[in-house]
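Numbering of ligands and ligand atoms starts at 1, following listing order. Worth knowing before you read on, the calculation uses all heavy atoms, side chains too, and leaves out hydrogens, waters and symmetry mates. Being a predicted model, the structure only gives us computed values, none of them experimental. Heads up: numbering here begins at 1 and tracks the sequence.
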Amino acid sequence: MIVGGVQWMTLLDYPDHIAATVFTAGCNFRCPFCHNPELVLPELVSQSSAGLDESFFTELEARKGFLDAVVISGGEPTLQPDLPKILARIKSLGYLIKLDTNGSRPDLIHRILESGWVDFVAMDIKAPPDTYDELSGSSVDISAIEASIATIARLAPRYEFRTTVAPGLSQDDLIRIADWIESGQGYWLQEFQVPVDKALVDEGYRDKTALRRDDLEAVWDRLRDRFDSGGVRG
Ligand code: SF4
């Protein structure tokens with residue numbers, strides 16, 4: 001597994017648990033608003049990434065009892081050929097595992113969930129189907145996104161869908177995304193925040209205007225009955 005780094009303690013990435021987060025390197029999307037270009041753009045990935053080695057597992061063993069969960073994030077983790085093997089090994093150490101994914105590889109997500117390696121899946125929904133390519137910066141197979149939504153809702157012990165409300169997304173777009181998901185455990189609207197000290201995949205998005213928090217709260221008021229949990233977060 002090629003990684004851009006490991007954050008050894010976070011209270012934010014796995015709700016209700018103290019987790020370590022592994023940032024896998026490489027992504028098949030080019031979301032223009034993404035603020036992790038070093039995990040996405042090949043020329044930057046090659047400068048800042050390395051293989052996950054034995055020292056990671058030694059450290060995980062040592063931190064058992066203090067940490068109780070591991071988050072595999074990215075980049076896009078499902079592109080890593082040894083992801084199943086890594087998940088199985090982390091699971092054998094007794095950790096909860098959360099997987100963050102863009103949902104582009106439903107067959108692998110299905111396999112992972114059927115194997116019981118992952119306890120929580122968070123999937124990004126970038127946009128309504130008709131503007132998915134624009135906000136993912138890629139040519140996306142919408143049927144794969146739909147298959148992932150259905151598989152996660154059916155098999156994941158715990159899951160959430162989430163949309164970063166990037167410039168270009170309207171309140172109606174967010175309602176259309178929710179209509180697409182229909183209902184389920186969790187849906188979060190994430191405010192688009194421009195990082196001061198990091199680059200964006202497309203720097204042209206730095207000066208674009210996105211919906212404000214008040215707008216998102218108004219949308220969430222229309223959606224809250226459909227989901228067990230969710231809301232607006234920064
Ligand atoms: S935000 Fe988009 S480009 Fe960035 S890591 Fe996630 S899926 Fe890849």
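In terms of hydrophobic clustering, with Ile, Leu, Val, Met, Phe, Trp and Tyr side chains grouped at heavy-atom distances under 4.5 Å, Y14 and V70 are assigned to different clusters.
Residue contact annotation: V40 has a non-hydrogen atom under 4.0 Å from ligand 1.
Side chains of V71 and F120 form no contact here, defined as non-hydrogen atoms less than 4.5 Å apart.
For R111, the CZ atom sits in a loose shell: 12 or fewer heavy atoms of surrounding residues, nucleotides or ligands are nearer than 6.0 Å.
Taking the centre and axis of the six-membered ring of Y187, the NZ or CZ atom of R226 falls outside the cone set by 45° and 6.0 Å.
Among the backbone and side-chain atoms of C31, none of the N, O or S atoms lies under 2.8 Å from atom 4 (Fe) of ligand 1.
Shortest contact from atom 8 (Fe) of ligand 1 to any protein heavy atom: C27 SG, 2.3 Å. Closest to atom 1 (S) of ligand 1 among all protein heavy atoms lies K126 NZ, 3.5 Å. Regarding atom 4 (Fe) of ligand 1, its nearest protein heavy-atom neighbour is C34 SG, 2.4 Å.
Under the 30°/60° scheme for interplanar angles, the aromatic rings of Y132 and F29 are found to stand perpendicular.
The contact set between ligand 1 and N102, taken as ligand atoms under 4.0 Å from a residue heavy atom, comprises 7 (S). Proximity to F29 (heavy-atom distance under 4.0 Å) selects the following atoms of ligand 1: 3 (S), 7 (S).
Of all heavy-atom pairs spanning Y95 and R63, the tightest one is OH-C, 3.5 Å.
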